[in-house]
Amino acid sequence: MNIQDIEQEKQQALAGIAAAADEKAVEELRIRYLGRNGLLQDIMKGIKDVPNDQKKEYGQRANSFKTEVLDAVNARKETLAAAGGQTGAGIDLTLPGAWPSLGTRHPISALIDRAVGIFRSIGFTVAEGPDIEDAFHNFDALNTPESHPSRNPADTFYLEDGTLLRTHTSPVQIRYMETHKPPVRIIAPGRCYRRDTPDATHSASFHQLEGLYVAENVSLAELKGDMEFFVRRLMGREDIRIRLRPHFFPFTEPSVEVDYSCHVCGGEGCRVCKHSGWIEIGGAGMVDPNVFKAVGYDPEKVTGYAFGMGVERMAMILYGIPDIRLLYENDVRFLRQFR
Ligand code: FA5
């Protein structure tokens with residue numbers, strides 16, 4: 001055998017080993033090439049017939065044949081063992097594949113994205129604020145008197161340094177107006193915290209979607225129109241109507257609660273709307289002049305509307321989720337339904 005033959009045999013051996021379908025086939029190849037009567041022995045015996053000036057190179061080639069073939073045998077055996085004896089050879093390519101299980105977006109994140117997308121399409125931009133707030137932004141600047149029950153430590157989580165976990169996303173209104181001149185048109189999704197006792201519709205941590213539109217001559221009619229546009233898009237029903245019910249918030253005057261005609265029954269009355277024909281979507285109103293004063297806006301020049309919606313409550317209505325706690329338990333059987 002000459003030097004080229006060794007090289008050729010080696011390539012053939014390596015290819016054969018790499019394609020061996022199971023451990024038995026690898027072992028047969030090992031014996032054929034490296035065994036006591038294998039090809040390596042023939043190569044070694046052949047060295048005596050090689051001219052002296054080629055002996056060195058021949059010896060090196062023989063050595064590399066031995067080490068490379070042995071490495072290939074070991075590597076193939078390991079691969080086959082790791083694959084549990086299965087390899088590409090013998091696989092039925094016509095069988096359906098096994099999909100790796102992928103994660104999904106949490107329904108709350110997905111709903112926030114959807115809602116934000118709808119408001120973006122009518123000119124709103126996204127604003128954010130900190131979860132840890134001070135009393136000025138969470139209460140004072142929002143015209144909330146010292147005596148207001150929401151300031152009570154039984155309702156609000158206070159931190160040792162006097163800051164607090166924001167109880168709503170309305171402080172984002174203040175932070176944004178402090179740093180931007182009117183006109184302002186923002187949507188602010190975020191987490192809120194309250195010392196509410198957890199039950200089917202309350203959680204100590206939940207999400208709100210805040211909206212604020214400030215410019216010259218903004219009216220309650222615009223609030224109604226924009227709410228109508230939003231709910232129609234979100235629920236995918238063009239016949240949805242909006243109803244405003246008088247309410248009270250310290251930071252809006254007048255204040256309202258926003259209801260929409262049920263997306264399931266169209267207002268006839270069904271289980272989803274508790275047979276009233278209407279579903280509440282959030283609180284809203286015209287920005288109180290005191291709020292404008294707190295951020296340095298002139299209430300004689302601008303007006304604005306603001307709203308705040310509970311995202312979990314919206315998700316519960318939209319997806320028919322009976323208990324808010326299902327949204328936090330992270331049971332994959334529940335979450336998989338929102339793929
Ligand atoms: C507010 O928080 C006002 N900041 C909303 C607002 C903004 C009014 C701008 C006017 C102008 P309220 O306390 O009603 O309002 O909360 C708004 C929504 O948050 C509720 O309708 C409800 O959907 C949701 N929410 C409140 N508390 C909880 C809770 N513990 N768990 C889950 N969702 C809650």
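In this text the structure is predicted, and so the values were computed from the model without any measurement. Indexing begins at 1, ligand by ligand and atom by atom, following the structure's order.
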Those residues at least two apart in sequence (or on a different chain) that pass side chain to side chain donor-acceptor pair (under 3.5 Å) with Tyr260 are His263
So, using side chain to side chain donor-acceptor pair (under 3.5 Å) as the criterion, who are the partners of Asp53 when residues are at least two apart? none
Can I get a per-line list of side-chain donor-acceptor pairs under 3.5 Å for residues 124-131, giving both atom names and the distance, sequence neighbours left out?
{"residue": "Asp131", "atom": "OD1", "partner": "Arg166", "partner atom": "NH2", "Å": "3.4"}
{"residue": "Asp131", "atom": "OD2", "partner": "Tyr193", "partner atom": "OH", "Å": "2.6"}

Students should find this: residues with any non-hydrogen atom under 4.0 Å from ligand 1. What is the answer? His168, Ser170, Gln173, Arg194, Asp196, Thr201, His202, Ser203, Phe206, Gln208, Glu210, Phe249, Phe251, Thr252, Glu280, Gly283, Ala284, Ala306, Phe307, Gly308, Gly310, Arg313, Ile324
Check whether the side chains of Thr167 and Asn138 place a donor and an acceptor atom closer than 3.5 Å, and report yes or no.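 There is such a pair between these side chains.
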Could Glu257 and Arg245 be called an ion pair, given the rule that one side-chain N must be under 4.0 Å from one carboxylate O?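 Answer for the salt bridge query: yes.
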Can you list the steps and then say if Ile242 with Asp259 is a side-chain contact (heavy atoms from CB on, under 4.5 Å)? CA-CA 6 Å; Ile242 294 289; Asp259 296 342; over 6 Å; no
